[in-house]
2 protein chains.
Amino acid sequence: MSFIPLPPGSSLGMATERSDAARNRERLLAAARELIDECGAEGLTMNQLAERAGVGKGTVFRRFGSRAGLMLNLLTESEADFQARFMFGPPPLGPGAPAAERLTAFGTERISYVLEFGDLLLAAEASPHHRLDVPAAVLAQRHLQMLLEAEGIQEETWLLAGALAATLDPERLLHAVRVHKVAPERLQGSWRQLVARLVRN
Amino acid sequence: MSFIPLPPGSSLGMATERSDAARNRERLLAAARELIDECGAEGLTMNQLAERAGVGKGTVFRRFGSRAGLMLNLLTESEADFQARFMFGPPPLGPGAPAAERLTAFGTERISYVLEFGDLLLAAEASPHHRLDVPAAVLAQRHLQMLLEAEGIQEETWLLAGALAATLDPERLLHAVRVHKVAPERLQGSWRQLVARLVRN
DNA sequence: ATAATAAACGGACCGGAGTCCGTTTACACA
DNA sequence: TGTGTAAACGGACTCCGGTCCGTTTATTAT
């Protein structure tokens, strides 16, 4: 008799998932991409998705928690990519350039990223318990904070970084581009200006 | 026979509303305030509201268009108040003070306002076709733009004003205060710093 | 092979926002 | 006071995200 009933997966704590679960996740992700191709991200419904993937609705929600969770999942790859670029990639976005230039690069690159994945990002933001606590957002804000500190700013760098992050909010950027027909280059220009004015000594 | 069937209200184009409609609007607004007292703004449902006001659900939606529209309506008074203060009120928020000081004052006052009406503002933001085009938001952004220009900034003042407005976004401010326990005074301090760094010559 | 079990499954169900359309009513005019 | 009409009304209905819980199944131990 084992007092601690060992988890059934690997011998150390079940990091694996059951094979049917894995299969269903693949199906769901594939179906989701199909549907988004066909109807756009905002047109995807969870019922549709379940049906298309040939699974029950409960399965969809167990896997992803919510609609926003699904969208987040679809974004993980590109988000990880972006993170890797600003943390380990070549300058001026990655380490090696002066902090001010990295700040500028961060914004312009982020703007491009947001415009590329717009609908998905929008759909992912409808998170029930807070889009601002999503790991990628926290990481980005800490990165901004670090760059501000590297530029010699000392007070309230966390909040200042939050202010900068707010400027890059997908909803706002997409609103400017789609409703007000602002060219992406102008957004990037105004970011450059904002950063330049903030960090000049 | 009149070729142009005159609208039934006043002789010039019916700006008035039918008496039953007016009565129902009052009932609805009163009922909404009651329910918000009892359950909070996020706890109010449109069914509840209709029932409490003794009207049909269709009436609620004809009157306010959506849940967000209702919340916006409940905010009109305080929003108008705030607008009046920054447009016509005493300095430093109103005209008479240097633009830089008015900018600072705008932010600190807005932060207080947002923290006071937090839940209502949050509920009003779930607008279907864009929280950023609500008249009050447009006006505020134009005000910020004007102040930036008065400080000698010339390029992309509209976008820069948008960036500043983003900083004052209710969701972000309330998240900082409620989740991260940031004191309102710190938020105001970081706004002051942001403005000071932006407009120093 | 068999049994035990925890996890995964599926789909009926729920609550809430927003729509639709047949009915009622306030108002203007006669 | 009566009548025509546009507006207002109400509530059943649709659609959707999310939950619940009884059933099935992969896995592991014997």
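These figures come from a predicted structure and were not determined experimentally. Just so it is clear: chains get the letters A, B, ... in the order the sequence lines come, proteins before strands, and each one is counted from 1.
Inter-residue side-chain proximity for A/Leu139 and A/Met87 is flagged as met; some heavy-atom pair is nearer than 4.5 Å. In this structure the side chain of A/Leu121 never reaches within 4.5 angstrom of the side chain of A/Leu174, judged on heavy atoms.
As rounded to whole Å, 16 Å separates atom C1' of C/dA17 from atom CZ of B/Phe64. Going from atom CG of B/Asn24 over to atom C1' of D/dC9 covers 8 Å, rounded to whole Å. A straight line from CZ of B/Arg52 to P of C/dG16 spans 14 Å, rounded to a whole angstrom. Distance A/Gln48 CD to D/dC15 P: 12 Å, rounded to the nearest Å. B/Asn47 has its CG atom 14 Å from the C1' atom of D/dT14, to the nearest Å. Computed from coordinates, the B/Glu51 CD to C/dG15 P distance equals 14 Å when rounded to whole Å. As a whole-Å value, the separation of B/Leu35 CG from C/dA17 P is 12 Å. Rounded to a whole Å, the CE atom of B/Met46 is 17 Å from the C1' atom of D/dC16.
Here B/Glu79 pairs with B/Arg110 in a salt bridge; the nearest charged N to carboxylate O distance falls below 4.0 Å.
When distances are taken from the side chain of A/Arg67 to each of C/dG10, D/dG18, C/dA8, the shortest belongs to D/dG18. Set against C/dA6, D/dT19, D/dC9, the side chain of B/Arg62 has D/dC9 as its closest nucleotide. Comparing atom distances between the B/Ser19 side chain and each of D/dG17, D/dT25, C/dC27 picks out C/dC27 as nearest. When distances are taken from the side chain of A/Arg18 to each of D/dC16, D/dA8, C/dA8, the shortest belongs to C/dA8. Here D/dG17 is the nucleotide among D/dG17, D/dC9, C/dA17 with the atom lying nearest to any side-chain atom of A/Phe61.
A sub-4.0 Å separation between OP1 or OP2 of C/dG10 and a side-chain N or O of A/Thr59 is present.
Evaluation of atom-type donor-acceptor distances gives a pair under 3.5 Å for the side chain of B/Lys57 against the base of C/dA17.
In terms of position on DNA chain C, the residue among B/Arg23 and A/Arg23 whose nearest nucleotide sits closer to the 5' end is A/Arg23. Positionally, the nearest nucleotide of DNA chain C for A/Asp20 lies more toward the 5' end than for the other of A/Asp20 and B/Leu44.
Using a 30° and 60° split on the angle between ring planes, A/Phe82 and A/Phe86 fall in the perpendicular class, above 60°. Relative orientation of the B/His143 and B/Phe106 rings is tilted, given thresholds of 30° and 60° on the angle between their planes.
Using a 4.0 Å heavy-atom cutoff across all strands shown, B/Arg63 reaches sugar-phosphate atoms only and no base atom.
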